[in-house]
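Comments concern the structure below.
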Number of protein chains: 2
Amino acid sequence: MIHTSTEHEVLAVVFQVRHFGASQVPELAVLLWQRGLEPHRGAWALPGGRVRTDEDLPSSIRRQLAEKVDVRELAHLEQLAVFSEPNRVPGPRTIASTFLGLVPFPATPELPADTQWHRVSNLPAMAFDHHVMVAHAHTRLAAKMSYTNIGFALAPQQFTLSTLRDIYYATLGYPVDATNLQRVLVRRGVLTPTGTTARSGRSGGRPGALYRFTDDRYRVTDEFAALRPPG
Amino acid sequence: MIHTSTEHEVLAVVFQVRHFGASQVPELAVLLWQRGLEPHRGAWALPGGRVRTDEDLPSSIRRQLAEKVDVRELAHLEQLAVFSEPNRVPGPRTIASTFLGLVPFPATPELPADTQWHRVSNLPAMAFDHHVMVAHAHTRLAAKMSYTNIGFALAPQQFTLSTLRDIYYATLGYPVDATNLQRVLVRRGVLTPTGTTARSGRSGGRPGALYRFTDDRYRVTDEFAALRPPG
DNA sequence: TCAAAAGTGTTTCACTTACACCCATGG
DNA sequence: CCATGGGTGTAAGTGAAACACTTTTGA
């Protein structure tokens, strides 16, 4: 197919840690909408769409996400990769810029009828190259969980360490020791104790201390694993 | 200004570690060309240009770089950020996708008359928003020097540890201990001894052992600084 | 008083850095 | 034989992981 012009679209991989069914442990979820028209009718797609000529990409994706979720819920938004294969979608040649968006636990935004949260570990049939984008976003998120404070965008304002441990588990895919998590994050200045305590759960147990993220903006907290500057 | 359509361009920040003047220590350099026409006539710009409708972004930037440097010299190429402010350049609205390109030391590719290497530490007046792109690329490169094998794309096939130390110094901006550099990189499997030795320099001194990078493809070598998987 | 959940303390381990000292070469 | 640069050994420090043990609560 020969293209004569190029369109530009933005797509967002919006993640939230959510409870599914009666399961005790929450899982990582991604926001998808189901296509009602061909091509790929019935397949699930990432929210987003055409970029207008008078808006930059972050504005564009925020505008388009506003139709899906309350944008105030979006605690973090960052650029991912660009997908530019000339025939990645049928029709006019379209370059896609992808974004990673994060919604805090445990908000439950209103969703349009065609839109749903899906387990990242159990994705439905997806439209076009969107599954690659989800995988890419997940990889990026998991990496950043260990050397940035990006968790602030997935956690509530205040939380116990068990809650935070669940969030790390959901994003990383492997269990994390709550004790060590606390020590690592407090030492780095990522976590601050609020001084208050939560109430005990339904089945008793000692109430947990409440923490909050020190910053509510993205920050790299562990830049140099090796080859640090001298001093 | 009201735009009615959107163009898409690619721009590359091409780095090389180079000797400048009689200085003993090489420095990080970026490839720039000087604009001969308005706007920003005389200012220095990144290589790149309009994306054709039938090529993806990596192909496009490779094609356009071929006019500046021998593409065989380009040992690494990766996507950076997209710049999308509607008025970032005069004329039609243009979205720019930027790339990071790396050329090994100490190649000296032929350059067109309008093109030169410039010290990253002493940049000339630059066109449009290109200085931001260079800063962004430098930050990304410095970060990746410490947790990936990306140095393979800046180093010769074989090299002594002093050479490698200079390359790390040039990219990171602070001195690195050659001894520890060797230990860190060999343990991670990034560096392999060749078993051969270099000849002594002009002023005598013990000849250095020669090393090579184990892989000639980009690889993350130190994924988890903390919160590693159990086991 | 028991189970559940949270928190503390301690040991072990892996890695990195810093630095003093020894080695090989050319002039 | 000495200046120059390369290489080795080692000690100290950091920070993370694992895990047993203690504390606090609800029922």
Side-chain angles (χ1 to χ4, degrees), chain A residues 24-26 145-148 158-169 172 174-212 220-231, chain B residues 24-26 145-147 158-169 172 174-211 220-231:
Chain A
Q24 293 307 313
V25 290
M145 289 299 282
S146 57
Y147 68 90
T148 75
Q158 302 204 343
F159 45 85
T160 64
L161 274 172
S162 325
T163 304
L164 193 64
R165 188 229 304 127
D166 289 344
I167 291 172
Y168 274 75
Y169 181 31
L172 292 174
Y174 52 80
V176 176
D177 181 312
T179 300
N180 293 330
L181 186 63
Q182 188 264 10
R183 273 193 278 240
V184 168
L185 296 184
V186 167
R187 180 182 11 201
R188 290 182 183 172
V190 174
L191 238 49
T192 304
T194 63
T196 54
T197 20
R199 285 191 314 227
S200 296
R202 42 245 150 275
S203 56
R206 177 171 168 177
L210 288 172
Y211 289 82
R212 61 179 180 82
V220 173
T221 59
D222 194 34
E223 197 164 2
F224 301 98
L227 311 177
R228 340 182 217 295
Chain B
Q24 294 307 313
V25 290
M145 289 300 283
S146 57
Y147 69 89
Q158 301 204 344
F159 46 85
T160 65
L161 275 172
S162 327
T163 304
L164 193 63
R165 188 225 308 124
D166 290 343
I167 292 171
Y168 274 75
Y169 181 31
L172 292 174
Y174 53 80
V176 176
D177 182 312
T179 300
N180 294 330
L181 187 62
Q182 188 264 11
R183 273 193 278 240
V184 168
L185 297 184
V186 167
R187 176 169 11 160
R188 289 182 184 171
V190 174
L191 236 50
T192 304
T194 63
T196 55
T197 23
R199 285 189 316 226
S200 296
R202 43 243 152 274
S203 56
R206 175 170 170 178
L210 288 172
Y211 290 81
V220 173
T221 59
D222 193 33
E223 200 163 1
F224 301 98
L227 311 176
R228 341 181 216 293

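Here is how names work: the chains are called A, B, and so on, in the same order as the sequence lines, proteins then strands, and each is numbered from 1.
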Round to the nearest Å and state the distance from A:Asp177 atom CG to D:dA17 atom C1'.
8 Å
N/O contacts under 3.5 Å, protein versus nucleotides 11-13 of chain D?
none

Verify, without hydrogens or angle tests, whether B:Thr194 (side chain) and B:Leu210 (backbone) share a donor-acceptor contact under 3.5 angstrom.
yes
Taking only N and O in the side chain of A:Arg165, is any of them less than 4.0 Å away from OP1 or OP2 of C:dG7?
no
Is the phosphate of D:dG6 approached by B:Ser162 (side-chain N or O, under 4.0 Å from OP1 or OP2)?
yes
Which atoms of nucleotides 11-13 of chain C (N or O only) lie under 3.5 Å from a protein N or O atom, and what are those distances?
none

Stepwise side-chain contact (heavy atoms from CB on, under 4.5 Å) check, A:Phe159 with A:Leu191
CA-CA 11 Å; A:Phe159 45 85; A:Leu191 238 49; 3.9 Å; yes
Phosphate contact (C:dA5 OP1 or OP2) by A:Thr160 side-chain N/O below 4.0 Å:
no
List the residues meeting side-chain hydrogen bond (donor to acceptor under 3.5 Å, both in side chains) with A:Thr148, not counting sequence neighbours, and say none if there are none.
none
Going by the rule side-chain hydrogen bond (donor to acceptor under 3.5 Å, both in side chains), which residues pair with B:Thr163 if we only count those two or more places apart in sequence or in a different chain?
B:Thr160
What pairs of nitrogen or oxygen atoms, one from the protein and one from nucleotides 22-24 of chain D, lie under 3.5 Å apart?
from: D:dT23; atom 1: O2; to: A:Arg206; atom 2: NH1; distance (Å): 2.9
from: D:dT24; atom 1: O2; to: A:Arg206; atom 2: N; distance (Å): 3.2

Which residues share a side-chain hydrogen bond (donor to acceptor under 3.5 Å, both in side chains) with A:Arg187, sequence neighbours left out
none
Qualifying residue for side chain to side chain contact (heavy atoms under 4.5 Å, CB included) with A:Leu185, from A:Leu164, A:Asn180, A:Leu161
A:Leu164
Is the phosphate of C:dT17 approached by B:Arg187 (side-chain N or O, under 4.0 Å from OP1 or OP2)?
no
Taking CG from A:Leu181 and C1' from D:dA16, how many angstroms apart are they, rounded to a whole number?
12 Å
